[in-house]
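Everything on this sheet refers to the single structure shown next.
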Protein chains: 2
Amino acid sequence: MPDKAKKTAYSIADLSQEFCVTHRAIRFYEDQGLISPERSGQARIYSPRDRARLAMILRGKRVGFSLADIREMINLYDQEDGPAKQRHVALKKCMERIEALKQQRIDIDITINELEEYCLILEDLIDINDIQKAQ
Amino acid sequence: MPDKAKKTAYSIADLSQEFCVTHRAIRFYEDQGLISPERSGQARIYSPRDRARLAMILRGKRVGFSLADIREMINLYDQEDGPAKQRHVALKKCMERIEALKQQRIDIDITINELEEYCLILEDLIDINDIQKAQ
DNA sequence: AAAATAGTTTACGTTTACGTAAACGTCAAG
DNA sequence: CTTGACGTTTACGTAAACGTAAACTATTTT
C-alpha cells in the first residue's frame with residue numbers, strides 16, 4: 001500500500017479508518033455541507049482535497065468549533081473570488097476567529113499550569129508516603 | 001461597591017452577572033455536582049471558593065471539557081488526603097489531561113496559522129481591488 | 001396591602017452531533 | 001449463484017447542556 005497522502009482517491013472506509021471516525025459521521029458532515037465528494041454510481045469517492053477538508057473539520061472540532069462554525073470557515077475559503085464586500089466580511093470573521101483562538105490558547109495554558117502544579121503536589125504526597133512505608 | 005474578588009459572599013445574581021452565565025446554568029452545574037454553595041434559608045450563597053470553582057468550570061468549558069470531565073478534575077483536587085492508590089490514579093489522570101491539552105494547543109496553533117495565512121491572501125486581494133478602483 | 005424584585009423547584013423543550021437499526025444495492029470470490 | 005464485504009438511504013434514538021415556562025416563596029419598595 002502506498003503512502004496514504006499520495007493516493008488520489010479514497011473510499012469512505014479509507015478515511016473513516018485513517019481518521020478514526022465512523023462512516024456515519026463522515027456522511028453527516030456531508031449532510032451539513034462540509035464536504036461533497038464525487039460519486040461513482042452511488043458510492044462516494046473522496047479526493048485528496050476532500051481528505052484535507054476532513055482533516056480541517058476534525059481539527060476544527062478538536063479546537064471546539066461547532067460544525068456550523070466550520071462550515072462558515074470553509075465557505076470563507078471558497079469566497080476568494082467573490083465580490084470585494086464579501087472578502088471584507090470574510091477578513092473580519094477570519095480575524096475574529098484568530099482572536100478567539102488566541103484567547104483559548106491562554107485558557108489552555110492556564111489550565112495546563114494549574115494541572116502541572118497539582119501534579120507536583122500529588123507527587124510530593126506520594127513521595128512522602130513511600131518514605132514512610134520504607135521505614 | 002468593593003472589588004469583586006474581595007467580597008466574601010455572592011448571590012447567584014452576582015456570579016451570573018460577573019461571568020455572563022444564566023442562573024439556570026449555575027444551578028445546573030450544581031445539579032451535576034460541580035459546585036455546592038451554602039444555603040441561607042432556601043437561597044444559595046456562594047463563597048469565594050465557590051466563585052473560583054465557577055471560574056474553573058467556565059475555563060474548562062472554553063477549553064472544550066465536558067461537565068463530566070470537569071467534575072472529574074474537581075474531584076481530583078479533593079482527593080489530596082485520600083489513600084495512596086487514589087493519588088496515583090489522580091496523578092495519572094492529571095498527566096493525561098495535560099498531554100491532551102498540549103495536543104489541543106498544537107491544533108490551535110495550526111488553525112491560527114492557517115487562518116492568518118488566509119487573512120494575508122484576503123488582504124492582498126482587497127488591496128489589488130482597491131488599486132484597480134483608484135485608477 | 002399591593003406590587004415589584006429576586007430567589008426557588010419542577011418539568012418539559014431544544015439544539016448539536018452523531019449512534020443505531022432496518023432494509024436494500026453491488027460486486028468479487030468461492 | 002449465493003454469500004460476504006462494503007456501500008447506500010431513511011428514520012428514529014440519544015446524551016449533553018442548557019432554555020423556557022409555570023407556579024411558588026420571601027423580601028423589599030411604594
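Within every chain, numbering begins at 1; the chains are lettered A, B, ... in the order of the sequence lines, protein sequences first and strands thereafter.
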Hey, does Leu76(B) have a side-chain heavy atom less than 4.5 Å from the side chain of Leu115(A)?
no
Can we say Arg97(A) and Asp69(A) salt-bridge, meaning some charged N sits less than 4.0 Å from an Asp/Glu carboxylate O?
yes
Hydrophobic clustering (ILVMFWY, side-chain heavy atoms < 4.5 Å, transitive) - are Ile12(B) and Ile45(B) grouped together?
no
What pairs with Phe19(A) under ring pair (Phe, Tyr, Trp, His ring centres under 6.0 Å), at least two apart in sequence or on another chain?
none
Reading nucleotides 6-17 of chain C 5' to 3', which nucleotides get B (base under 4.0 Å from a protein heavy atom), which S (sugar-phosphate only), which -?
-SBB-B-----B
Residue pairs meeting side-chain hydrogen bond (donor to acceptor under 3.5 Å, both in side chains), one or both in residues 104-121 of chain A, sequence neighbours left out, come to Arg105(A)-Asp109(B), Asp107(A)-Arg62(B), Asp109(A)-Arg105(B), Glu114(A)-Arg59(B)
Rounding to an integer number of Å, can you tell me how far Glu30(B) CD sits from dA17(D) C1'?
16 Å
Can you measure Leu34(A) atom CG to dC18(C) atom C1' for me and round it to whole angstrom units?
13 Å
OP1 or OP2 of dG19(C) less than 4.0 angstrom from a side-chain nitrogen or oxygen of Thr22(A), does that happen here?
yes
